[in-house]
Structure formats: structure tokens, C-alpha cells
Amino acid sequence: AEMERTFIAIKPDGVQRGLISEIISRFEQKGFKLVAIKIVVPSKDFAKKHYHDLKERPFFNGLCDFLSSGPVFAMVWEGEGVIKYGRKLIGATDPQKSEPGTIRGDLAVVVGRNIIHGSDGPETAKDEIGLWFKPEELVSYTSNAEKWVYG
Ligand code: DAT
Ligand code: MG
């Protein structure tokens with residue numbers, strides 16, 4: 001299997017709404033492997049680093065204020081195709097357009113409170129994992145389910 005890793009974060013709205021276990025379950029039940037977690041209130045400067053690609057957008061400041069407004073539940077998930085499929089599990093950016101069955105489709109209503117972040121490609125996954133986690137915070141292990149998930 002071609003293992004890759006992606007950065008997934010439950011934003012302050014998802015944490016406050018009690019959706020941590022629901023969201024973990026969706027990735028876990030799919031067959032992906034959790035290799036890092038932390039709960040942290042990011043500073044505004046840190047939020048700006050995380051969202052630096054969007055700094056020209058009109059919503060950038062409000063977005064960074066929001067991300068730094070409360071606890072964020074940060075995770076790294078590992079698995080074959082996890083970057084792209086993680087985005088599928090999450091659904092479209094605007095929950096009004098997310099399909100039912102996706103996390104945002106099932107659990108969120110507006111784009112400014114769409115509860116979850118996921119890396120959008122291999123480069124951003126690498127950068128975001130590096131921003132949020134130290135290398136030693138990532139755990140390598142063989143899941144007992146691996147041979148049943150991958151054959
Ligand atoms: P995604 O989170 O799906 O990767 P993105 O990277 O384009 O989407 O934007 C990051 C976040 O910014 C998004 O989750 C919610 C917010 N956002 C995006 N577009 C927005 C808009 N038009 N108005 C308000 N917030 C927006
Ligand atoms: Mg994005």
C-alpha cells in the first residue's frame with residue numbers, strides 16, 4: 001500500500017458542538033490510521049501561517065480570528081489515498097454544496113462554520129503536518145486491522 005499522511009483539524013465550532021468523536025469515527029471506520037493528535041488554541045499568528053495561501057481573500061482576517069477563538073483538535077491520519085479521500089469524507093467547502101453523507105454535508109450549514117479542515121494535496125499536507133506537529137509527535141505503528149483493510 002502507498003501510505004500517505006494528511007493533516008485534519010476540527011475547528012473551534014466542531015469542538016464546541018461536541019463533534020470530535022463523530023469525526024474521528026468517520027476516518028477510523030473507513031480504515032485510516034490515526035498517528036497524531038493534540039488539542040490546542042492556536043494564536044492568531046499561527047492561524048495566519050496555517051491559512052497563508054488565503055491571505056488575499058476578503059474573509060482571511062475573520063477566518064484567522066475564528067480559528068484562534070478556541071480549541072482546535074488537530075490530527076494526522078495515515079492511509080492509502082488519505083489526502084484525497086479525506087477531502088471526500090469532509091465534503092465541499094460550502095456545506096450548502098456538500099453532499100449528504102459527508103462530514104460538512106451532515107453536520108454543518110454555512111461556509112464560515114464548516115467545522116473541519118483537511119489538507120488539499122501532498123504539498124500542503126506535508127507543510128501543515130510540519131506546522132502543527134513536531135516529528136516526534138507522529139507515531140508509527142502497525143494497526144492490527146491493516147491486513148484486513150488492505151489485504
Ligand atoms: P477548505 O477548508 O475546503 O480547504 P478553503 O481552503 O478554500 O476551503 O478555505 C479555507 C476556509 O476558509 C474554509 O474552510 C472556510 C473559509 N472560507 C472559504 N471560503 C469562504 C467564503 N467565501 N466566505 C467565508 N469563509 C470562507
Ligand atoms: Mg483549504
Side-chain angles (χ1 to χ4, degrees), residues 1-135 137-140 149:
E2 293 228 355
M3 288 307 165
E4 52 181 44
R5 286 173 169 180
T6 193
F7 175 71
I8 301 291
I10 306 174
K11 301 185 208 179
D13 49 346
V15 172
Q16 293 293 352
R17 291 178 54 202
L19 296 173
I20 294 171
S21 60
E22 169 71 32
I23 289 168
I24 289 178
S25 289
R26 292 183 181 218
F27 281 83
E28 194 177 39
Q29 290 175 358
K30 168 74 174 169
F32 293 139
K33 182 164 72 178
L34 186 59
V35 298
I37 58 162
K38 72 170 61 161
I39 187 162
V40 59
V41 182
S43 68
K44 178 137 184 213
D45 273 353
F46 189 93
K48 284 181 179 169
K49 278 184 198 153
H50 172 75
Y51 278 130
H52 68 274
D53 283 349
L54 298 169
K55 63 177 177 296
E56 308 300 337
R57 308 296 292 275
F59 54 83
F60 178 69
N61 191 54
L63 176 65
C64 295
D65 274 338
F66 179 62
L67 193 74
S68 58
S69 70
V72 171
F73 192 85
M75 298 170 273
V76 178
W77 285 89
E78 183 181 290
E80 189 170 323
V82 71
I83 300 172
K84 204 168 176 191
Y85 207 90
R87 296 279 299 188
K88 262 191 183 174
L89 290 177
I90 290 170
T93 301
D94 180 355
Q96 295 284 338
K97 295 179 181 145
S98 315
E99 296 297 327
T102 65
I103 291 165
R104 287 168 174 164
D106 290 348
L107 305 171
V109 183
V110 298
V111 69
R113 296 292 183 273
N114 64 5
I115 72 170
I116 182 168
H117 168 85
S119 304
D120 63 10
E123 290 305 311
T124 48
K126 193 167 170 286
D127 291 350
E128 290 169 0
I129 291 168
L131 177 65
W132 288 80
F133 290 96
K134 298 176 193 142
E137 292 174 326
L138 303 179
V139 179
S140 289
V149 173

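Just so you know, ligand 1 is whichever comes first in the structure, and atom 1 is the first atom listed for that ligand. Predicted model only: the values in this text are computed from it and were never measured. Along the sequence shown, the residues carry numbers beginning at 1.
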**Report entry** Part of T93 within contact of ligand 1 (heavy atoms, under 4.0 Å)
**Finding:** both
Requested in this report: Using distance alone, with no hydrogens and no angle criterion, decide if K48 and N61 have a side-chain donor and acceptor under 3.5 Å apart.
Outcome: no
Query raised in the report: If you count the non-hydrogen atoms of other residues, nucleotides and ligands that lie under 6.0 Å from CD1 in I37, is the total more than 12?
Result: no
Report summary line: heavy-atom search around atom 18 (C) of ligand 1 in the protein gives F59 CZ, 3.4 Å
Query - Per-residue contact class, R113 against ligand 1 - non-hydrogen pairs under 4.0 Å - result: neither
Query raised in the report: N/O to N/O below 3.5 Å, does that happen between K11 and ligand 1?
Result: yes
Query - For R87, the ligand 1 atoms whose distance to one of its heavy atoms is below 4.0 Å - result: 1 (P), 3 (O), 4 (O)
Report task. Report the part of L63 (side chain from C-beta onward, or backbone N, CA, C, O) that has a heavy atom under 4.0 Å from ligand 1; answer both or neither where that applies. Result -> side chain
Report task. Would you check if the distance from the ring center of W132 to the ring center of F46 is below 6.0 Å? Result -> yes
**Report entry** Enumerated ligand 1 atoms positioned under 4.0 Å from heavy atoms of N114
**Finding:** 13 (C), 14 (O), 15 (C)
Requested in this report: Using non-hydrogen atoms of the residue, decide whether D120 is closer than 4.0 angstrom to ligand 1.
Outcome: no
Report summary line: Within 4.0 Å of some non-hydrogen atom of Y51, the atoms of ligand 1 are 10 (C)
Query raised in the report: Heavy-atom contacts under 4.0 Å between H50 and ligand 1: side chain, backbone, both, or neither?
Result: neither
Report task. Return yes when atom NZ of K38 has more than 12 non-hydrogen atoms of other residues, nucleotides or ligands closer than 6.0 Å, and no otherwise. Result -> yes
Report summary line: Nearest non-hydrogen protein atom to atom 2 (O) of ligand 1, with distance, is R104 NH2, 3.0 Å
Report task. Give a yes or no on this: more than 12 heavy atoms of other residues, nucleotides or ligands lie within 6.0 Å of atom NZ of K44. Result -> yes
Query raised in the report: How far apart are the closest heavy atoms of G70 and P12, and which atoms are they?
Result: O-CG, 3.7 Å
Query raised in the report: At under 4.0 Å between heavy atoms, which part of L54 makes contact with ligand 1: side chain, backbone, both or neither?
Result: side chain
Requested in this report: Answer yes when K84 and D120 have at least one side-chain N-carboxylate O distance shorter than 4.0 Å, and no when they do not.
Outcome: no
Query - Shortest protein contact, atom 15 (C) of ligand 1 (heavy atom only) - result: V111 O, 3.4 Å
Query raised in the report: Quick one: does K11's side chain get under 4.5 Å of R113's, heavy atoms only?
Result: no
Report task. Verify the ring-centre separation between F32 and W77: is it less than 6.0 angstrom? Result -> no
